[in-house]
*Asks:* 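Below is the structure I would like to discuss, written out as structure tokens.
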Number of protein chains: 2
Amino acid sequence: MSPTLKDVSRLAGVSTATVSRFINGSHQLSEGTALRVQRAIDELGFRPNSLGRSLKTASSKSIGVVIPTLSNPVFAEAVSGITAVASDSDYSIMVTATEYSQDQELKVVNSLLDRQVDGLILTVTNANNSPALDMLEAESVPYVLIYNQATLNNRPVVTIDNVVAGREVAFRLEELGHQHFAMLSGNLHSSDRAAARYQGFVQGLAELGFDAPLIQEIEFSQPNTSAAIRELFADPLQRPTALFCSNDLFAIAAIGALRELGLKVPEDVSVVGFDGITVGSLVQPKLTTVVQPSTEMGAVAAKELINTICGEAPQSPLVLPHKVREGESTGPAGKHEPVALQEPNPTKFFPKETL
Amino acid sequence: MSPTLKDVSRLAGVSTATVSRFINGSHQLSEGTALRVQRAIDELGFRPNSLGRSLKTASSKSIGVVIPTLSNPVFAEAVSGITAVASDSDYSIMVTATEYSQDQELKVVNSLLDRQVDGLILTVTNANNSPALDMLEAESVPYVLIYNQATLNNRPVVTIDNVVAGREVAFRLEELGHQHFAMLSGNLHSSDRAAARYQGFVQGLAELGFDAPLIQEIEFSQPNTSAAIRELFADPLQRPTALFCSNDLFAIAAIGALRELGLKVPEDVSVVGFDGITVGSLVQPKLTTVVQPSTEMGAVAAKELINTICGEAPQSPLVLPHKVREGESTGPAGKHEPVALQEPNPTKFFPKETL
DNA sequence: TTGTGTCATGTAAACGATTACATAGTGAAA
DNA sequence: TTTCACTATGTAATCGTTTACATGACACAA
């Protein structure tokens, strides 16, 4: 067994209280005692048991993180931001992924509460209707949402404005001369973000005088991107020239699927992603996308949460700025002449450099 | 304050022992008592405090995970595998990233031990020389390595054979007719995996009668891929036609950098990655790569660790199978006629007319 | 001298659970 | 009836800390 406070106190010839004071940096210790305690600690290799401490102080110094998945780097990035801030304040984090399932949300939140986390940072399916959040409210456990669309009921959240971003995408694509739009989105009811982005896109298009775009929803977990793309681009007379994807992973997959159909990006179809994950700017063509400040979002949320845990009033909702990063996957609308699908393209174009 | 066992026992009119027995599913309870206890629990919304339990049982039911970074999806995947197995056995995980720093390794391991994790799963810089591992051995805390190259001193590890894999890449490229090889690798002393892959590559090439390849090492955290690639492909007479990258992220970036130099993949240069991350098969061209069973690796490691925690003897080292996934980033060696490199940044060069 | 304030330290009661041991009640075997 | 085995439950110690309160020593002022 590892040595305890008691062992140390015995060896140093003092009481446990004195050792505890030493560990916690009380300056009410005589030099001699401090020295003896330090020696005893070193000799035994004593390491304070944080369970005992947490039990007594009723603070575990740990925070739970609940995200849809670690497979999407956008969430991994946020976790990095959280970790950085948390470990500065000596908090540990417990990460769990829900794979976009509401049942899982409730389960993991329960499990984290059992574990006595001091607070949670989470991205839920739908911030306006979430049993998990209701439970947190009921038990008045501090929490902060990230990524979720800022909600009506004023829940603490650090996010961007997905609706505005979606709208901007519409305007940007229209500027490039596009007139036929489509959206490839994760299940709208599995993600309030996706829904908000779609809503903004529709709204923007409406303002510009266009009908709602074609939309295909795919599963987050097992997305059948090829099928969805084939569906969207099936009708040669109504073929979109601009495709907005609800996240970068989908966008990258979509570009591949379009290529398989013999459609070139951006010559035949412009593609816009969402998130701004790192690989997006590594792939060819470089992805045009709406960049979220993921690391910052995580960091800010962690600060917010820790403040709340410490009893300060939360500042949120906090809306961070996003920006559109121009890549090579978008370009001016072509003449939109129907191209037969599946046909190999003999001529090779290089993507136009954006200025 | 949330209700405790005592509150429940009081409300149910029984002793705390009885409530505890009920919670832990002892079958020595009369039906009537069980019912009353259940009602009391429901009425109070009682949630057992796992700190108290852990303190008493000396088992926190949590495991620490230490990986270089969450930014590389390969590690995120492993974490998913770990999570799945862990939560099945009711373990929570605490994830920390070291950003490839040995100092950080020691720090986070210390912090996790303070937190009384029952064991750890980690990927360290160098499994043969790791203060963090030494500390774990010294305190005889159960742990399992993943990704790390199986070590001489027989540490518990679940991994693939990086040397063999590197060798296979050499053979595969030679089969395609390549004769000039290069390697783009993360800092060899920051990653025993990278070192092993390089070693295998060199070994394979030697067996085939080739000299050691050109190599450029880059930082994991702030990799300057473009510069490294420019360096490797600078000499028109010695220009490689085959490039092996120590991970997929580097490979994807390398393909972009090559393109900026006016070199086409796979026509001018074949590129092979390592890891088998999902995006690798989404990008264009699809990446040829050595696929590690990351999720499985995490899962197996978690099982191993939990077994060890439960007192069973570990099975490791365990070497899982890898496989080479043929993509579109490799092809037969071209005629290898020197192509003038394109200046990546056109604004730096004055047009010929002005010279 | 006595009183008072400060300082360094000790004593012991928590925190919320688990569990060895004790006990009382029951029914059946002797 | 006594005894025994069992079952259902209670009592109380314990896990490793923290911390309110108590204590004793000392210095200094009155």
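Chain letters run A, B, ... following the sequence lines, proteins first, then strands; residues in each count from 1.
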*Asks:* Give the intermediate values and the outcome of salt bridge (Lys or Arg N to Asp or Glu O under 4.0 Å) for residues B:D114 and B:K107.
*Replies:* CA-CA 11 Å; B:D114 285 350; B:K107 241 182 248 172; over 6 Å; no
*Asks:* Specify the separation, in whole Å, of atom CZ of B:R10 and atom C1' of C:dG16.
*Replies:* 13 Å
*Asks:* Among A:S92, A:S50, A:S87, which one satisfies side chain to side chain contact (heavy atoms under 4.5 Å, CB included) with B:S111?
*Replies:* A:S92
*Asks:* At under 4.0 Å between heavy atoms, what does A:A58 touch on the DNA or RNA strands: base, sugar-phosphate, or nothing?
*Replies:* nothing
*Asks:* Distance-only, no hydrogens or angles: does the B:D118 side chain make a donor-acceptor pair with backbone N or O of B:S60 under 3.5 Å?
*Replies:* yes
*Asks:* In whole angstrom, what separates A:K61's NZ from D:dT17's C1'?
*Replies:* 16 Å
*Asks:* Which pairs, protein N/O on one side and nucleotides 6-9 of chain C N/O on the other, fall under 3.5 Å?
*Replies:*
{"residue": "C:dT9", "atom": "OP1", "partner": "A:S30", "partner atom": "OG", "Å": "3.0"}
{"residue": "C:dT9", "atom": "OP1", "partner": "A:T33", "partner atom": "OG1", "Å": "2.1"}
{"residue": "C:dT9", "atom": "OP2", "partner": "A:S30", "partner atom": "N", "Å": "2.9"}
{"residue": "C:dT9", "atom": "OP2", "partner": "A:T33", "partner atom": "OG1", "Å": "3.3"}

*Asks:* Can you confirm whether B:E139 is buried at CD, in the sense that more than 12 heavy atoms of other residues, nucleotides or ligands lie under 6.0 Å from that atom?
*Replies:* yes
*Asks:* Quick one: do B:R155 and B:D134 satisfy salt bridge (Lys or Arg N to Asp or Glu O under 4.0 Å)? Show the steps, please.
*Replies:* CA-CA 11 Å; B:R155 295 190 147 148; B:D134 295 343; 3.1 Å; yes
*Asks:* Figure out the CG/P separation between A:N24 and D:dT18, and round it to whole Å.
*Replies:* 4 Å
*Asks:* side-chain hydrogen bond (donor to acceptor under 3.5 Å, both in side chains) between A:Y147 and A:S294: does it pass, once the steps are laid out?
*Replies:* CA-CA 8 Å; A:Y147 292 110; A:S294 290; 2.8 Å; yes
*Asks:* In whole Å, what is the span from the CZ atom of B:R115 to the C1' atom of D:dG16?
*Replies:* 16 Å
*Asks:* Between B:R10 and B:D7, does a salt bridge (Lys or Arg N to Asp or Glu O under 4.0 Å) hold up when you go through it step by step?
*Replies:* CA-CA 5 Å; B:R10 203 155 23 217; B:D7 299 325; 3.0 Å; yes
*Asks:* To the nearest Å, give me how far apart NZ (A:K6) and C1' (C:dA13) are.
*Replies:* 13 Å
*Asks:* Residues of residues 37-55 of chain B with any non-hydrogen atom less than 4.0 angstrom from an atom of DNA chain D: list those, numerically ordered, please.
*Replies:* B:L55
*Asks:* Using the side-chain heavy atoms of A:T4, tell me which of these nucleotides is nearest: D:dG16, C:dA12, C:dG16.
*Replies:* D:dG16
*Asks:* Using atom NZ of A:K56 as one end and atom P of D:dC15 as the other, report the distance to the nearest whole Å.
*Replies:* 17 Å
*Asks:* Provide, to the nearest angstrom, the distance between the CZ atom belonging to A:F22 and the P atom belonging to D:dT18.
*Replies:* 13 Å
*Asks:* Between A:S15 and A:T18, do the side chains contain an N or O donor and an N or O acceptor separated by less than 3.5 Å?
*Replies:* yes
*Asks:* Parallel, tilted or perpendicular: which fits the ring planes of B:Y100 and B:F220, with parallel below 30° and perpendicular above 60°?
*Replies:* parallel
